[in-house]
4 protein chains.
Amino acid sequence: MSKWGTSVPRRRKRADGERNRAQLIIAAKNAIAEHGAAVSLDQVSRDAGVSIATLYRHFPSRDALLQEVYSEEVEALIGTAEQLTADHDPVTALREWLVVFVEFLNTKRGMADALSTLIDGPDALFSETHARLSSPISALVARATDTGKFRIDVEPLDLLRALTGVANVRPDPDWKQSAIHLIDHLIRGAELER
Amino acid sequence: MSKWGTSVPRRRKRADGERNRAQLIIAAKNAIAEHGAAVSLDQVSRDAGVSIATLYRHFPSRDALLQEVYSEEVEALIGTAEQLTADHDPVTALREWLVVFVEFLNTKRGMADALSTLIDGPDALFSETHARLSSPISALVARATDTGKFRIDVEPLDLLRALTGVANVRPDPDWKQSAIHLIDHLIRGAELER
Amino acid sequence: MSKWGTSVPRRRKRADGERNRAQLIIAAKNAIAEHGAAVSLDQVSRDAGVSIATLYRHFPSRDALLQEVYSEEVEALIGTAEQLTADHDPVTALREWLVVFVEFLNTKRGMADALSTLIDGPDALFSETHARLSSPISALVARATDTGKFRIDVEPLDLLRALTGVANVRPDPDWKQSAIHLIDHLIRGAELER
Amino acid sequence: MSKWGTSVPRRRKRADGERNRAQLIIAAKNAIAEHGAAVSLDQVSRDAGVSIATLYRHFPSRDALLQEVYSEEVEALIGTAEQLTADHDPVTALREWLVVFVEFLNTKRGMADALSTLIDGPDALFSETHARLSSPISALVARATDTGKFRIDVEPLDLLRALTGVANVRPDPDWKQSAIHLIDHLIRGAELER
DNA sequence: CATGAATGAGGCTTCATTCAT
DNA sequence: AATGAATGAAGCCTCATTCAT
């Protein structure tokens, strides 16, 4: 089927393109973590080892890039929610997922900025991610609540927002531990029997 | 009309200087509330009715100005803590102060950005505010804890951070309500008798 | 399915090449009419359904492409001149041709830009077109003059330039009518008997 | 009244500012004449010997700059129309003004581009200039027509457009002569008695 | 003290054009 | 012959900050 006997070497350039694309996403991820969501795209392209024009070829707008960076991780997060739901009792699943969310924030340092920085108020990027995270957290909370032993008046997404707040304290190396304390406290406040 | 002919003008000069300084802080405060922390200093100086150079005379750098804006409000917050401590029982005082803190965040929309936007590591501005807020919140929590009916494993400052997280959801007009729900939940999680 | 198994594909390759070339010219023509002469070549190649590289294979530079677009239409114009000369009396032929020229400008909206945009001095593109249009208009004018009833001190090409000036008023939807009025006036000014 | 004894030296900087402003207008004028209206503002600022930021300080937008360049000359033109109306018989006045208009085009080479290039179709800049030139030319034509010996079916502004067309032939050094021939022809076509 | 002006530097974005396959 | 990818270069614009008066 192949013209040259192996199926791989054909279209090396194409492969490079995809490698660059990947590099850009990685660079953007790191850059955002380091400098916040307002990173210069110039910076990102430099980090990725490509020209700024190449960045623009792959991502026609800053948002398109952020979207992509964001997307991957968010999908993973959502997948984890399903996994945990299957493997654990409701409250544990919720707790564990919040812990995973904190891990996610770790890579995403600056992402919170990203959301609010994007100009148009309730913008597409935010709305979408919002919506995507809303499902799993709501489901997990609902499942915990359905046990009858758990009650929480806080809107599910606000749990994530609270953790984001703790995560945004940039310099503190112990923030993850702090966040876990907060998770425990939040759960404890929701348990009816004590 | 002479510059030194009366005893008043000499003082007025000084007064003008201070008025300018005050105006600048007010303008910066409003500008930040309105446009986020990335406001152009030009904008601020224009709003204050002085030249950009005058701004620089008073505040040698952008950060110095932010610092000051921040400072004022923080001092007010601290004052409130003392007031509440004097007027209310420990848990109520804590709860009320957290509510006041949420109000503070309301004016400061964008201030959170300001903090995280400042680029490198444990920056001076943040650290100082951090330190200054640490005292009142710690004191309030300690006082509540000392009643023996209250226990919280979360680091006091993290309570504020959690609220900040909820506050940072820019477009939601109900965020304040959400924040208060969170406060109640956090307090509830800390009460030993239920 | 084999590449060389039939005698047709070999020719088709060539045919494709020519088709592409033609498509490119058409696309460029439309693009210029729509967006002015500053169209991006990327746009043109996309419209033509080929890659930008293919565009470059056919036309080594932006100017080469414009040249070609221009050329085709100019040839058609010249053909029309001959036709009109054959079919009508001198003055009518001249008038009609000027009307056709106005039609030509209509499709070419933006072409005028194209010419003057090319940066330096008496550029090749312009000069050539210049030269090519010079013949027919001069011939038509000469033929009208030879009747002895017609006299015009204006350089023949300037008649076209004047019309181009009227045509370049972009927003006016009645410009064609205006141009025809101008044609009539110009002819009227040349008629000796009145 | 002055603090230093002469009224001049005070505010030297301000004077510089105005000089720069003037330089920018001159540079823009020349640059447009040379490269057309799409000149890079960077280029203009460089020619004027100031930084691009300074250009922007004086003219917040490209249009603002063009407006200014344009404005001065247009006002002069309008003034001339009044002068000529006062000093000459109707037809002569019209003819002379058209000659002056040709002179104006000489400085303005590329201005025609400017008009059509500015993005929004019938845009403010164009409309205004349009309107401003409309008055004098209409008045001059009307006055000539009122003599009863002159008739022209061409819209007054189209006379200017026709001349602009001739003027836009960049390389020809004799274009001014050509334009004057055209003027004479246009006038001749309008005279009823011959 | 205050001012208006100026600027360097940096980010954004778009192209025409080249290159390896 | 055709392609997608890459890039240098250039334009646009904005801002924090400095300076001469």
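Just so it is clear: chains get the letters A, B, ... in the order the sequence lines come, proteins before strands, and each one is counted from 1.
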**Asked** Hey, does the side chain of C:Arg62 come within less than 4.0 Å of E:dT17's phosphate (OP1/OP2), counting only N and O?
**Response** no
**Message:** Mind checking if D:Ser40 touches a base, just sugar-phosphate, or nothing, with heavy atoms under 4.0 Å?
**Reply:** sugar-phosphate
**Message:** In whole Å, I'd like the distance from the CG atom of B:Leu55 to the P atom of F:dC15.
**Reply:** 14 Å
**Complete:** Shortest non-hydrogen pair, A:Ile25 vs A:Val69, comes out as O-CG2, 4.0 Å
**Complete:** The Watson-Crick or G-U wobble partner of E:dA16, with both key distances under 3.5 Å, is F:dT7
**Prompt:** Rounded to the Å, how far apart are D:Asp63 CG and F:dC12 P?
**Reply:** 12 Å
**Asked** Is there a Watson-Crick or G-U wobble partner for E:dG10 with both distances under 3.5 Å, and if so, which one is it?
**Response** F:dC13
**Request:** Any chance you could measure D:Leu65, atom CG, to D:His58, atom NE2, to the nearest 0.5 Å?
**Result:** 11.0 Å
**Prompt:** Taking CZ from D:Phe59 and C1' from F:dC12, how many angstroms apart are they, rounded to a whole number?
**Reply:** 17 Å
**Request:** May I ask you to verify if any side-chain N or O of A:Arg57 is less than 4.0 angstrom from the OP1 or OP2 atom of F:dA5?
**Result:** yes
**Prompt:** Out of curiosity, C:Leu41 CG to C:Phe59 CZ, how far, rounded to the nearest 0.5 Å?
**Reply:** 10.5 Å
**Prompt:** Rounding to a whole Å, what distance do you find between A:Arg46:CZ and F:dG8:C1'?
**Reply:** 15 Å
**Message:** When you measure from the side-chain N and O atoms of C:Asn20 to the phosphate of F:dA2, is any distance below 4.0 Å, counting only OP1 and OP2?
**Reply:** yes
**Message:** Tell me the closest heavy-atom pair linking D:Asp47 and D:Ala27, and the distance in Å.
**Reply:** CB-CB, 3.9 Å
**Message:** For a 4.5 angstrom cut-off between non-hydrogen side-chain atoms, does B:Ile32 reach B:Val39?
**Reply:** yes
**Message:** Considering every strand and a 4.0 Å limit on heavy-atom distances, what is the contact class for D:Val44: base, sugar-phosphate, or nothing?
**Reply:** nothing
**Selected nucleotide, minimal atom distance to C:Leu41 side chain, candidates F:dT3, E:dT17, F:dG11** = E:dT17
**Request:** When you get a sec, tell me which of E:dC12, E:dT7, F:dA5 is the closest nucleotide to the side chain of A:Asp42?
**Result:** E:dC12
**Nearest-0.5 Å distance, CZ of residue D:Arg57 to CG of residue D:Asn20** = 11.0 Å
**Complete:** Per nearest nucleotide of DNA chain E, the residue lying toward the 5' end, C:Ser61 or A:Tyr56, is A:Tyr56
**Nearest-Å distance for atom pair CZ/C1', residues D:Arg19 and E:dG4** = 15 Å
**Asked** Taking only N and O in the side chain of C:His58, is any of them less than 4.0 Å away from OP1 or OP2 of F:dA2?
**Response** yes
**Complete:** The residue, A:Ile52 or B:Val50, whose nearest nucleotide of DNA chain E is more 5′ is B:Val50
**Asked** Starting at CD of A:Gln23 and ending at P of F:dT7, how long is that distance when rounded to a whole Å?
**Response** 12 Å
**Message:** Can you work out whether A:Gly49 or B:Val39 has the more 5'-proximal nearest nucleotide on DNA chain F?
**Reply:** A:Gly49
**Asked** Starting at the 5' end of DNA chain F, which residue's closest nucleotide do you reach first, A:Ser51 or D:Gln43?
**Response** A:Ser51
**Asked** OP1, OP2 of F:dA2 versus side-chain N and O of C:Thr54: anything below 4.0 Å?
**Response** no
